[in-house]
**Q** 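Structure incoming, see below.
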Amino acid sequence: MLRALLLAPPGAGKGTQGELLAAERGVPHMATGDMLRRHVAEGTDIGTRARAYMEKGELVPDEIVNQLVGEAIAELDPAGGFVLDGFPRTLEQAQLAYDWGQANNRTFNAVVSLVVPEAELVRRMLERGARDGRTDDTEETVHRRQMVYDESTKPLLDFYRERGILVEVDGVGTVEEVADRIRAAIDSVSTAE
Ligand code: ADP
C-alpha cells in the first residue's frame, strides 16, 4: 500500500504528479495547498486565518495546518494508502507526521524529491500565475516561496534520507517522462506491505 510524500520546491510539479500517482495507485491525493485554497475560496475560519500568509508566500502557522490535516486524516480509510503533497513542510510537521505514522503503523514508505533548477521553477510559476491567476504566483512572492522552501522544507530531505525512504527524481521533462521516473523510483524504495 503506497504511502508517499512528494517533497519539492514550489513550481516543481508536485500537484500534477501527485494527482497522477494517486489516481494510478487508487489512493487519495491530499495537497495542503489545494485544501487551503479551497478554505480561502469558501471563506471558512481556516481560510480567513491562512489567507494573508499564503498571499505573502509565507508558511501558514502550524496550529492552522495541524487542524486542517487532522480533519483530512480523520476522513481517510484507516487501512489505506495516500499521496501527500505539501505536508509535512517543516521539521516540526515532519516529526508530528512521523509520530502519528508510528502510532498508527502508517509511516511513509516513499518520499519523492523532485529536482528542478531554480530558474526553471521561477519560469514555470510566473507562467502559471499568468495562466491560472494564482494570487501567490507573482514575481515577488515566487522568490519568497523559494527562500522559505530552502530554509524550512529542504532540511526534510535529510530527515527522510536518514530513514532510507528518500528518492530523488529529475523533475525536468514532460509530465509523462517525470511520471515514469517517479514510478521507477517508488518501486525501487517502497515495499508493497
Ligand atoms: P507551492 O508548493 O507551489 O508553494 P502549495 O499549493 O503546496 O504550493 O502551497 C501554497 C501555500 O499554502 C504555501 O505557500 C503556504 O502558504 C501554504 N501551505 C501549504 N502547505 C503548507 C504547510 N504544510 N505548512 C504551512 N503552510 C502551507
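Predicted, not measured: the structure shown is a model, and the values here were computed from it. Read the numbers this way: they start at 1 and go in the same order the structure lists the ligands and their atoms.
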**Q** Taking only distance into account, with no hydrogens and no angle test, what donor-acceptor pairs under 3.5 Å do side-chain atoms of residues 65-84 form with protein atoms, sequence neighbours excluded?
**A**
| unit_1 | atom_1 | unit_2 | atom_2 | d |
| --- | --- | --- | --- | --- |
| Asn66 | ND2 | Asp62 | O | 3.3 |
| Gln67 | OE1 | Arg49 | NH1 | 3.3 |
| Asp77 | OD1 | Ala79 | N | 2.9 |

**Q** Do Arg183 and Glu176 sit within salt-bridge range, that is, some charged N less than 4.0 Å from a carboxylate O?
**A** yes

**Q** Just jot down the side chain to side chain donor-acceptor pair (under 3.5 Å) partners of Gln102, sequence neighbours excluded, or say none.
**A** Tyr98

**Q** Does this structure show an ion pair linking Arg51 with Glu55, if we count only N-O contacts that are shorter than 4.0 Å?
**A** yes

**Q** What residues sit with at least one heavy atom under 4.0 Å from ligand 1?
**A** Pro10, Gly11, Lys14, Thr32, Gly33, Leu36, Arg37, Met54, Glu58, Leu59, Val60, Val65, Gly86, Phe87, Arg89, Gln93, Arg128, Arg134, Asp136, Arg145

**Q** Hey, are Gln95 and Asp99 close enough side-chain-wise for a donor-acceptor pair under 3.5 Å?
**A** yes

**Q** Which Ile, Leu, Val, Met, Phe, Trp or Tyr residues join Leu126 in one cluster when any pair of side-chain heavy atoms under 4.5 Å counts as a link?
**A** Val122, Met125, Val142

